[in-house]
Amino acid sequence: MSSDLIDPDISKAYTLPSRFYTDELVFKDIISDFAECWHFAAHESQLVKDNVLPLEHMESLIGEPMVLTRDDEIRCLSNVCTHRGMLIATESCTASTLKCGYHGRTFGLDGCFRNMPEFEGVKGFPSPADDLSSFNLKRWKGLLFTGKTPFRFNDCLEELQARIGWMPIESFEHDSSRHRSYDIDANWALYVDNYLEGFHIPYVHGDLHGELDYGSYRTELFEGGVLQVGIARGDESCFDLPESSTDYGQSIAAYYYWLFPGLMLNFYPWGLSVNLVIPLSVNKTRIVYHGFVWDRSKLGEGAGGDLDKVEAEDQDIVESTHRGVGSGIYDRGRYSPTRETGVHHFHRMLTS
Ligand code: FES
Ligand SMILES: [Fe+2]
């Protein structure tokens with residue numbers, strides 16, 4: 001795709017042409033690049049009670065069924081049985097082996113073939129091809145990332161480490177009551193566009209607008225992602241920042257990180273809300289929420305207080321926008337140079 005489709009100068013640029021949101025072939029072309037990206041797999045606290053965790057979202061994102069296993073270490077394995085291709089783990093569980101439910105082939109938690117009924121006399125069996133393949137796993141402060149042939153992660157984690165590395169993210173605890181999964185009638189990139197600007201907050205999110213100081217809302221761009229910093233209005237809930245933080249002295253209510261293509265890491269004083277944007281088709285998207293709690297006493301407060309309400313407000317807007325960009329009249333618009341730098345950055349990434 002043409003790299004100058006989106007002018008690098010935001011004051012001259014036009015937004016993404018509507019075919020990026022509506023055309024099946026353009027969609028498939030964009031999604032095919034996801035195999036080269038790192039994706040959020042899980043937080044380690046999701047592997048405390050259970051030690052086998054299938055990653056259904058990875059199948060939607062890159063067409064690859066994967067499963068996390070934990071024994072003395074955490075691994076990301078293919079979740080496809082090497083016999084006739086059945087999916088092995090279908091839900092999270094505690095187990096000492098992986099056993100295929102189709103004909104009973106068994107693997108160790110390291111992916112090595114262990115046992116197969118009725119295979120006596122099969123020549124050259126078992127061979128290394130009967131083991132489960134493993135995938136790269138990257139680990140940062142309890143967050144696990146994986147991919148098929150990932151190379152595009154650039155300096156994202158260094159960026160996060162420098163800014164919020166002071167938070168004890170590895171000790172945050174998974175709270176399954178905060179899990180959500182929504183299927184929306186909109187293209188995934190419209191959901192990301194909407195996330196990447198706080199411009200709409202006064203118009204769309206009345207309550208959230210009361211928590212945040214709109215005038216001080218900041219957007220910072222970096223290679224591979226965008227950070228939005230929400231400043232608390234008055235004495236609304238904010239982080240107790242250590243002196244080592246570059247933001248020390250400010251009343252920060254939220255750090256909203258987006259990492260290409262569809263990972264949102266929203267840090268609030270109560271902990272972390274992870275949002276995964278999972279394209280299902282050109283006009284259907286799944287949004288998955290996982291919550292990891294740091295300080296339970298701060299749940300329900302401030303900018304991260306009522307995420308369900310904010311999410312419902314965003315989904316309404318994004319679904320309506322999807323209908324709008326399907327119009328034969330609309331093709332593209334212009335950007336606000338002060339409020340839409342994140343959206344512009346995303347569109348540049350999508351078209352480069
Ligand atoms: S497909 Fe797994 S044992 Fe047959
Ligand atoms: Fe919003």
Side-chain angles (χ1 to χ4, degrees), residues 32 34-151 153 157 169-176 179 181 263 274 276 278 280 286 288 290 292:
S32 67
F34 283 16
E36 296 170 356
C37 303
W38 287 95
H39 298 276
F40 175 83
H43 182 280
E44 284 178 13
S45 62
Q46 289 172 268
L47 286 157
V48 171
K49 270 198 230 120
D50 294 330
N51 67 345
V52 173
L53 180 65
L55 303 176
E56 275 170 38
H57 67 285
M58 292 304 295
E59 194 179 339
S60 305
L61 282 166
I62 61 169
E64 203 53 64
M66 296 175 165
V67 59
L68 291 179
T69 62
R70 174 184 55 76
D71 49 10
D72 49 333
E73 62 179 281
I74 297 175
R75 298 179 180 85
C76 184
L77 304 173
S78 166
N79 195 19
V80 179
C81 180
T82 50
H83 176 219
R84 279 183 24 221
M86 169 72 173
L87 295 184
I88 304 168
T90 50
E91 52 192 30
S92 59
C93 61
T94 306
S96 55
T97 57
L98 293 171
K99 184 169 185 178
C100 178
Y102 201 174
H103 315 96
R105 180 168 293 197
T106 308
F107 307 87
L109 294 177
D110 57 1
C112 289
F113 171 89
R114 286 266 186 89
N115 181 48
M116 179 74 189
E118 310 290 344
F119 258 52
E120 290 76 22
V122 176
K123 305 229 166 38
F125 178 85
S127 78
D130 298 299
D131 297 335
L132 299 173
S133 300
S134 62
F135 297 97
N136 288 323
L137 200 57
K138 194 186 273 281
R139 202 170 179 161
W140 177 74
K141 292 186 77 74
L143 301 178
L144 302 165
F145 302 88
T146 190
K148 196 141 89 181
T149 50
F151 69 91
F153 214 36
L157 293 182
I169 301 165
E170 60 281 4
S171 64
F172 291 5
E173 285 181 13
H174 180 230
D175 179 349
S176 56
H179 178 259
S181 180
L263 172 59
V274 175
L276 308 177
I278 304 164
L280 300 178
R286 179 164 297 156
V288 173
H290 294 294
F292 304 96

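Bear in mind the structure is a predicted one, so any value in this text is a computation, not a measurement. When reading the values below, keep in mind they use all heavy atoms of this one structure, side chains included, and skip hydrogens, waters and symmetry mates.
Between H290 and H179 there is a side-chain heavy-atom pair separated by less than 4.5 Å. At a threshold of 4.5 Å between non-hydrogen side-chain atoms, the residues S78 and P65 do not count as touching. In this structure, D130 and M116 have side chains that are not in contact, with every pair of non-hydrogen atoms separated by 4.5 Å or more. With a 4.5 Å cut-off on side-chain heavy atoms, L47 and L144 count as touching.
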side-chain contact (heavy atoms from CB on, under 4.5 Å) for S134 and R75? Distances and angles first, verdict last.
CA-CA 7 Å; S134 62; R75 298 179 180 85; 5.6 Å; no

One pair to check against side-chain contact (heavy atoms from CB on, under 4.5 Å): M58 and F135. What are the steps and the verdict?
CA-CA 12 Å; M58 292 304 295; F135 297 97; over 6 Å; no

Derivation of the side-chain contact (heavy atoms from CB on, under 4.5 Å) call for D71 and N51
CA-CA 7 Å; D71 49 10; N51 67 345; 5.7 Å; no

Could you walk me through whether I88 and V80 pass the side-chain contact (heavy atoms from CB on, under 4.5 Å) check?
CA-CA 6 Å; I88 304 168; V80 179; over 6 Å; no

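The two residues M66 and K148 make their nearest non-hydrogen contact at CE-N, 4.4 Å. Across all non-hydrogen atoms, the minimal contact from F292 to S45 is CD2-OG, 3.6 Å. Listed here is the closest heavy atom pair of L77 and L109: CD1-O, 3.6 Å. When all heavy atoms of A129 and T82 are compared, the pair lying nearest together is O-CG2, 3.5 Å. L137 approaches W38 most closely through the heavy-atom pair C-CZ3, 4.2 Å. Nearest heavy-atom pair, V288 versus S181, reported as atom, atom and distance to 0.1 Å: CG2-OG, 3.9 Å.
When T69, T97, L98 are each tested for a side chain to side chain contact (heavy atoms under 4.5 Å, CB included) with F107, only one passes: L98. Paired with C76 under the rule side chain to side chain contact (heavy atoms under 4.5 Å, CB included), one option of N136, L55, V67, L53 passes, and it is L55.
Every residue two or more places apart in sequence or in another chain that forms a salt bridge (Lys or Arg N to Asp or Glu O under 4.0 Å) with E170 is listed here: K141. Listed by chain and residue number, S177, R178, V293, R296 satisfy the side-chain contact (heavy atoms from CB on, under 4.5 Å) test with D175 (two or more places apart in sequence, or in another chain).
Rounding to the nearest 0.5 angstrom, the gap separating the OG atom in S60 from the CG atom in L276 is 10.5 Å. Once rounded to the nearest 0.5 Å, the distance linking NZ of K49 with NE2 of H174 reads 8.5 Å.
Other residues, nucleotides and ligands contribute only 12 or fewer heavy atoms inside 6.0 Å of the CD atom of E118. Open room surrounds NZ on K99; 12 or fewer heavy atoms of other groups in view lie less than 6.0 Å from it.
Aromatic ring pairs are classed by plane angle as parallel below 30°, tilted from 30° to 60° and perpendicular above 60°; the pair H43 and F172 is parallel. A perpendicular orientation is assigned to the rings of F125 and F113, their planes being inclined by more than 60° (bins at 30° and 60°). Ring-plane geometry between H83 and F119 is classed as perpendicular, the angle between the planes exceeding 60 degrees on a 0 to 90 degree scale with a lower cut at 30.
Under 4.0 Å is where a charged nitrogen must lie from a carboxylate oxygen, and between E44 and R139 at least one such pair does.
Remark: the backbone N or O of F40 is paired with a side-chain donor or acceptor of H57 at under 3.5 angstrom. T106 places a side-chain N or O within 3.5 Å of a backbone atom of G104 that can act as its donor or acceptor partner. N79 places a side-chain N or O within 3.5 Å of a backbone atom of A89 that can act as its donor or acceptor partner.
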